[in-house]
Chemist: 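Dumping the structure here so I can ask a few things about it.
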Amino acid sequence: MRKMIVAALGVGVLLVAGCGSDGDSKSGMDLTSAPASGSGQGEPDLTLYKVGAPVSNGGVTVTVRSATSVPAISMASSAGEFADQAAPAGEKYVAVDAVVRNDSAAPFDLSCGKSIGNRLVDEQRHQFDIIASLDKVQGNPVCGVTLQQGSESPMKWVFAVPVDATPRAFGFYDTETQQPTEVKVVDLKTQ
């Protein structure tokens with residue numbers, strides 16, 4: 001079962017990080033086509049990490065606390081006031097709530113940078129990118145505020161998915177020091 005899940009969640013190209021997709025080739029992974037990271041000998045890493053466990057990858061450590069499906073998320077308006085924003089028609093939001101620690105040699109911007117590439121995968125192996133403007137999500141760091149080396153910050157990655165989609169896995173990698181094939185995968189069924 002574990003091999004089947006990891007094979008389905010393998011890595012390729014096209015992972016999005018930061019505030020949205022811009023076609024940058026450094027920000028790509030495909031969690032359904034290629035083997036996950038391994039020993040460097042072509043062997044996939046068959047480890048699926050549990051929700052709540054700190055997962056180190058490159059210069060970051062991510063602890064996914066939960067992944068929750070919600071009909072709306074609280075986002076800041078241009079005036080800076082928070083209000084619920086409903087998911088587009090036929091969709092819902094999946095909010096992956098995490099704590100991120102910077103283990104790298106330099107500070108990085110969590111909300112608007114391209115330091116952590118990530119993707120959400122559902123039970124049918126469909127992949128989803130984060131929404132734009134993560135810095136506007138209530139509780140996230142604002143754009144331009146960097147996470148210093150050795151520091152931690154809460155972070156909520158939000159994905160718009162079809163209403164009937166069931167989140168299965170969250171994959172991430174350090175875009176500054178790793179290739180998209182070096183993804184670590186958190187099994188969202190363990191929460």
Side-chain angles (χ1 to χ4, degrees), residues 15-22 24 27 49-55 57 59-104 106-122 126-176 184-191:
L15 172 70
V16 175
C19 292
S21 176
D22 67 357
D24 179 0
S27 63
Y49 297 90
K50 292 182 178 183
V51 171
V55 181
N57 201 13
V60 299
T61 297
V62 174
T63 304
V64 173
R65 298 188 288 198
S66 67
T68 310
S69 296
V70 294
I73 55 169
S74 183
M75 294 190 71
S77 67
S78 57
E81 296 177 9
F82 289 98
D84 282 350
Q85 176 179 316
E91 296 183 332
K92 64 183 176 184
Y93 289 122
V94 174
V96 175
D97 182 39
V99 173
V100 178
R101 186 177 69 229
N102 181 351
D103 296 326
S104 72
F108 57 77
D109 187 328
L110 271 175
S111 293
C112 290
K114 299 252 184 250
S115 298
I116 301 175
N118 57 67
R119 178 101 13 126
L120 181 79
V121 179
D122 72 4
H126 300 131
Q127 299 180 41
F128 302 96
D129 294 333
I130 55 174
I131 64 168
S133 303
L134 286 178
D135 62 317
K136 305 256 187 267
V137 173
Q138 188 169 17
N140 278 354
V142 295
C143 203
V145 173
T146 57
L147 182 61
Q148 300 300 311
Q149 303 89 325
S151 297
E152 291 184 345
S153 176
M155 184 66 193
K156 189 175 290 184
W157 288 289
V158 180
F159 303 84
V161 304
V163 177
D164 62 347
T166 301
R168 179 66 176 104
F170 172 78
F172 76 95
Y173 76 105
D174 177 354
T175 61
E176 298 298 318
K184 297 281 178 115
V185 179
V186 177
D187 182 358
L188 299 178
K189 291 294 188 182
T190 62
Q191 62 179 344

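For reference, positions follow the sequence shown, starting with 1.
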Chemist: May I ask you to decide if Val99's main-chain N or O and Glu152's side chain share a donor-acceptor pair within less than 3.5 Å?
Modeler: no
Chemist: Please name the pair of heavy atoms, one in Lys92 and one in Val163, separated by the smallest distance, quoted to 0.1 Å.
Modeler: NZ-O, 3.3 Å
Chemist: Determine, stepwise, if the pair Asp122 / Val161 fulfils side chain to side chain contact (heavy atoms under 4.5 Å, CB included).
Modeler: CA-CA 9 Å; Asp122 72 4; Val161 304; over 6 Å; no
Chemist: Give me the atom names and distance for the closest heavy-atom approach of Phe172 to Asn57.
Modeler: O-ND2, 3.0 Å
Chemist: Side-chain contact, heavy-atom cut-off 4.5 Å: Thr68 with Asp97?
Modeler: no
Chemist: Do Asn118 and Val96 make a side-chain contact, defined as non-hydrogen atoms from C-beta onward lying under 4.5 Å apart?
Modeler: no
Chemist: Donor-acceptor check, side chain of Asn140 to backbone of Leu134, threshold 3.5 angstrom: yes or no?
Modeler: yes
Chemist: Restricting to side-chain hydrogen bond (donor to acceptor under 3.5 Å, both in side chains), what partner residues turn up for Gln148, sequence neighbours left out?
Modeler: Thr146
Chemist: Hey, could you give me the CZ/CG distance between Arg168 and Leu120, rounded to the nearest 0.5 Å?
Modeler: 11.5 Å
Chemist: If you take the centroid of each ring, where Trp contributes its six-membered ring, are Trp157 and Phe170 closer together than 6.0 Å?
Modeler: yes
Chemist: Could you pull out the closest heavy-atom pair between Lys50 and Thr190, with the gap in Å?
Modeler: CA-OG1, 3.3 Å
Chemist: Output, in order, the C-alpha distance, side-chain angles, deciding distance and verdict of side chain to side chain contact (heavy atoms under 4.5 Å, CB included) for Lys184 and Tyr49.
Modeler: CA-CA 8 Å; Lys184 297 281 178 115; Tyr49 297 90; 3.4 Å; yes
Chemist: Return the minimal non-hydrogen interatomic distance between Pro154 and Pro141, and the atom names on each side.
Modeler: O-CD, 3.7 Å
Chemist: Do Lys189 and Asp187 meet the salt-bridge criterion of a basic N to acidic O distance under 4.0 Å?
Modeler: no
Chemist: What's the shortest heavy-atom distance between Leu147 and Asn102, and which atoms?
Modeler: O-ND2, 2.8 Å
Chemist: Do Ser133 and Met75 have side-chain heavy atoms sitting under 4.5 Å apart?
Modeler: yes
Chemist: Please list all pairs meeting side-chain hydrogen bond (donor to acceptor under 3.5 Å, both in side chains) that have one or both residues in residues 76-85, counting only residues at least two apart or in different chains.
Modeler: Gln85-Tyr93
Chemist: Between Ser151 and Arg101, is there a side-chain heavy-atom distance shorter than 4.5 Å?
Modeler: no
Chemist: Of the non-hydrogen atoms in Asp174 and Val60, which two are nearest, and what is the gap between them?
Modeler: OD2-N, 4.2 Å
Chemist: Using 0.5 Å steps for rounding, measure from the CD atom of Gln127 to the CZ atom of Phe159.
Modeler: 11.0 Å
